[in-house]
Amino acid sequence: MHVCWFVPGALETGEHARSLERANHGLTITVVDATSGEDWTRTESVDCVLYHDGVSSIGIETIRSVWPTVPFVYVVGNGADEFGTDVLAELRPADDWVDERRLVADPALVATRLRRTVERAREIEKLRDRAAHFSGLIENASDVVTVLDENGIVRYQSPSIREVLGYDQEELVGEYTFDYIHPDDVEDAAEVFSEAATSEEPHTGRAVFRYRHKDGSWVHFEAVGQYLPSDADDAESNGREYVVISRDITEIRETTEELHSTRDQLQVILDNTPAVVYMKDLEQRYLYVNPAFEQLFEQSRDEILGKRSEDIHPDVNVEQINEMDREVLSERESNKYVEDFRIDGKRRVFFNVRAPLFDADGDPYAIYGIATEITERKEREESMQALAEAGPRLLECETMESVGSVAVSVAKSVLNQPITAILVPDERDDVLRPIVMTDEATDLLGDSTTTTWGSGIAGRVFSTGDRHASGDVSTDSTADRSDTPIESEIIVPLGEHGVLFAGSTETREFDEHDLEFATILGAMIQGTIDRVDRERQLQTKNQRLEEFSNVLAHDLRNPLAVAKGYVELARETGNLDHLTDVEEGVERAMSIMDGLLALARTGQGITDFEEGALERLATEAWSSIETRDASLRVETDRPITADLGWLQQLFENAFRNAVEHGGSGVSVRVGAIDGGFYIADDGPGIDPERRDRLLEGDSADGDVRFGFKIIQDVVDAHGWELSIGESDEGGAKFEIVGVR
């Protein structure tokens, strides 16, 4: 330890110093004569200054300016007894004094005292440095540091208050700090302060409050405070101080509130979105599901969380779901799929987006998914596709049956109603009858789709032309199908051709798209049937035109040529008897013309159905033709429903053929058989080969062809069946069945 001793010039003092140095080998003494002007500032590494009381005080200030941190120890000479604290008042607290007489009497004790003084001075210097450091931190801190007394009066305010609250550093000193806290926050802040201020042990209090800015706005503070003992000698203090460090959390608070608001908004969205939202861990256990997920599977969140797909989803869907989960984890990127499920037996189609969630290290820790149901959209797309494909198929149809087969197949697909049928009018019984049905309709209803016009929904749709749709037949007051298991139905009019019926044993909500599809399909079916009818009618007309042209070209030419020949012969010979032959040829031609006209009229179709007695109709027809000596016996009185005008034409032609080919005395009988009636005679009959040609519309005999063709047309127009056989008397027998 290096000690510099300033002496007033006395040589004996220097001797004392050297004796002290000799007694303590760890001590180096440099003696400076303060009166000689010696350049002592060149002395380095001084640990302590001994200052003889004979040196002037002016010298002390000079020495302190050079060595400001070195402790000063007074060496008191003969006046040691009178040395008091007023002398030391000029020195710093770390300074000390020694009695000069001790330097000789007990140098070791003096050396020890000097060492202790130096050590104490060094500790004090460290404390000063630390205090200066903390003071610098406080002076430059962004947080606001406030010192309060135990009454809440501001004693100190850090400079940061200007930046944070707009006040000058001393502006709030002496103010009651709680006057600046928001009224709604004062009570909580005061309670925290009171607990800390009255605690016997150091107590840290925390509070969040709003503090008034100088401009009148409010700043959110998060404050931490603790009481510290005050300087007991401070007359203005009652012994306690409370240090508060306040951080401006306005931005954090606003950000937090914004995050909370965003979180709440997101939660509202998740709770109310129709989309299914879920999150799974890496073991594919559900960590979160939203209410839409709960509703879909009719399970609460508590029942779902912690379970895997196989515990929630139907078996047919599990492998597909697990495969998608594994893929999103292995690929480490989102995937998008359209997933077609069966849930509670119903088809549900979802557009599912899965994405991996990554932790701070970039490793996936969960799967997040959002599934939006697109069942209706998917079914509409499929319906549009089915309609598009139905057009070419319907264009290929050539018969009513083929139209119906395509129609019910498309209707089942487009409308998603398996019980589908085409019902057409049967004018004989005033009912709608199915001409084609799906297998489901046949298995469920049999022929129960037959409905009387005007008495059922289908009849009403057919009569009014207004479509009908009911999603729940059991609760629909306009529906009257309580006798069937059908729960939902759509019935579309097909104009004069009937109706399209599509039903299901499950209730269903029909939307505008369903009704639009049904209407479009109905229009397509009706248009196709119209086309098929026109083509059939055109084909029939073409066939008749061909028949007429053949008759005109061959059958009608012969009798007219014969008549012309006899006319020429009569002119040449003058014999009028030849005119008889001319008359017969003309009558023959007129007969052929009458047949053509009757045949043309039968091609116009059935117009009206009525009920009449078979006996009366046959009798009236018999009386309207030339029967000569022939006889008629009607052996039945059964009623029959038909177009009575055309039925009479059938009898007239059958009777005329019997008289013309059986002779003037032929006997004709009309009787009933199972499902119809017969017309028989006792004439020469018709050989089997010729019967087949007649039924096929081929005969060289014009009269027979016309008469039989009319009979065949009337039978076909009513939907009956005709057969030719042999009567009990060996003549011809015509049997007609399928009659109502």
Side-chain angles (χ1 to χ4, degrees), residues 400 423-435 447 450-455 459 462 496 498 598-599 601-625 627 630-659 662 666-683 686 691 694-695 706-729 731-740:
M400 184 66 176
L423 308 179
V424 298
D426 184 340
E427 296 180 348
R428 294 166 295 181
D429 295 331
D430 285 350
V431 296
L432 293 172
R433 300 187 185 278
I435 61 166
D447 63 351
T450 299
T451 178
T452 303
W453 291 5
S455 65
F462 175 70
E496 63 182 13
L599 186 61
R601 285 195 296 271
T602 60
Q604 296 175 3
I606 300 298
T607 59
D608 192 18
F609 279 83
E610 297 179 73
E611 184 177 292
L614 198 62
E615 181 181 13
R616 179 179 62 81
L617 291 170
T619 302
E620 291 178 355
W622 182 264
S623 63
S624 65
I625 65 172
T627 58
S631 63
L632 171 69
R633 185 170 76 252
V634 180
E635 300 174 342
T636 179
D637 60 353
R638 68 162 291 175
I640 187 171
T641 300
D643 186 317
L644 301 184
W646 286 118
L647 183 57
Q648 187 167 344
Q649 282 285 328
L650 181 150
F651 281 127
E652 288 178 1
N653 281 275
F655 295 160
R656 186 179 293 113
N657 285 339
V659 171
V666 70
S667 296
V668 180
R669 291 183 296 110
V670 176
I673 59 176
D674 187 18
F677 62 93
Y678 67 87
I679 302 171
D681 63 54
D682 58 359
I686 306 173
R691 295 172 196 169
L694 284 172
L695 290 174
F706 290 141
F708 188 80
K709 179 62 177 174
I710 292 172
I711 294 172
Q712 183 73 64
D713 283 351
V714 173
V715 169
D716 291 343
H718 284 81
W720 301 335
E721 294 182 8
L722 171 66
S723 62
I724 304 175
E726 183 177 338
S727 68
D728 295 340
E729 297 84 2
K733 183 177 183 181
F734 297 88
E735 292 186 348
I736 300 171
V737 295
V739 177
R740 299 181 183 276

### Heavy-atom side-chain contact between Leu650 and Val715 under 4.5 Å
yes

### Task
Side-chain contact test, heavy atoms from C-beta onward, threshold under 4.5 Å: evaluate it for Trp622 versus Val668 and give yes or no.
yes

I need the [X] [atom1] to [Y] [atom2] distance, nearest 0.5 Å.
X: Thr619; Y: Gln648; atom1: OG1; atom2: CD; value: 10.5 Å
X: Glu615; Y: Glu620; atom1: CD; atom2: CD; value: 11.0 Å
X: Ile679; Y: Glu735; atom1: CD1; atom2: CD; value: 11.0 Å

### Task
Sequence neighbours left out, what passes ring pair (Phe, Tyr, Trp, His ring centres under 6.0 Å) with Phe677? Give chain and number order.
Phe651

[X] side chain to [Y] main-chain N or O, any donor-acceptor pair under 3.5 Å?
X: His718; Y: Asp643; answer: yes
X: Ser727; Y: Asp681; answer: yes
X: Arg691; Y: Ile686; answer: yes
X: Asp682; Y: Glu729; answer: no

Atom of [X], atom of [Y] and distance for their closest heavy-atom approach:
X: Glu726; Y: Lys733; answer: C-CB, 3.9 Å
X: Trp720; Y: Gly738; answer: CD1-O, 3.2 Å
X: Gln712; Y: Leu722; answer: OE1-CD2, 3.7 Å
X: Leu617; Y: Leu647; answer: CD1-CD2, 3.4 Å
X: Ala672; Y: Arg638; answer: CB-CD, 4.1 Å
X: Ala618; Y: Leu632; answer: O-CD2, 3.8 Å

### Task
Please lay out, stage by stage, how Val634 and Leu614 fare under the test side chain to side chain contact (heavy atoms under 4.5 Å, CB included).
CA-CA 9 Å; Val634 180; Leu614 198 62; 5.8 Å; no

### Intermediate values then yes/no, side chain to side chain contact (heavy atoms under 4.5 Å, CB included), Tyr678 and Val670
CA-CA 6 Å; Tyr678 67 87; Val670 176; over 6 Å; no

### side chain to side chain contact (heavy atoms under 4.5 Å, CB included), paired with Ile711, selected from Asp716, Asn653, Leu694
Asn653

### Message
For Glu635, is the CD atom crowded, meaning more than 12 foreign heavy atoms sit under 6.0 Å from it?
### Response
yes

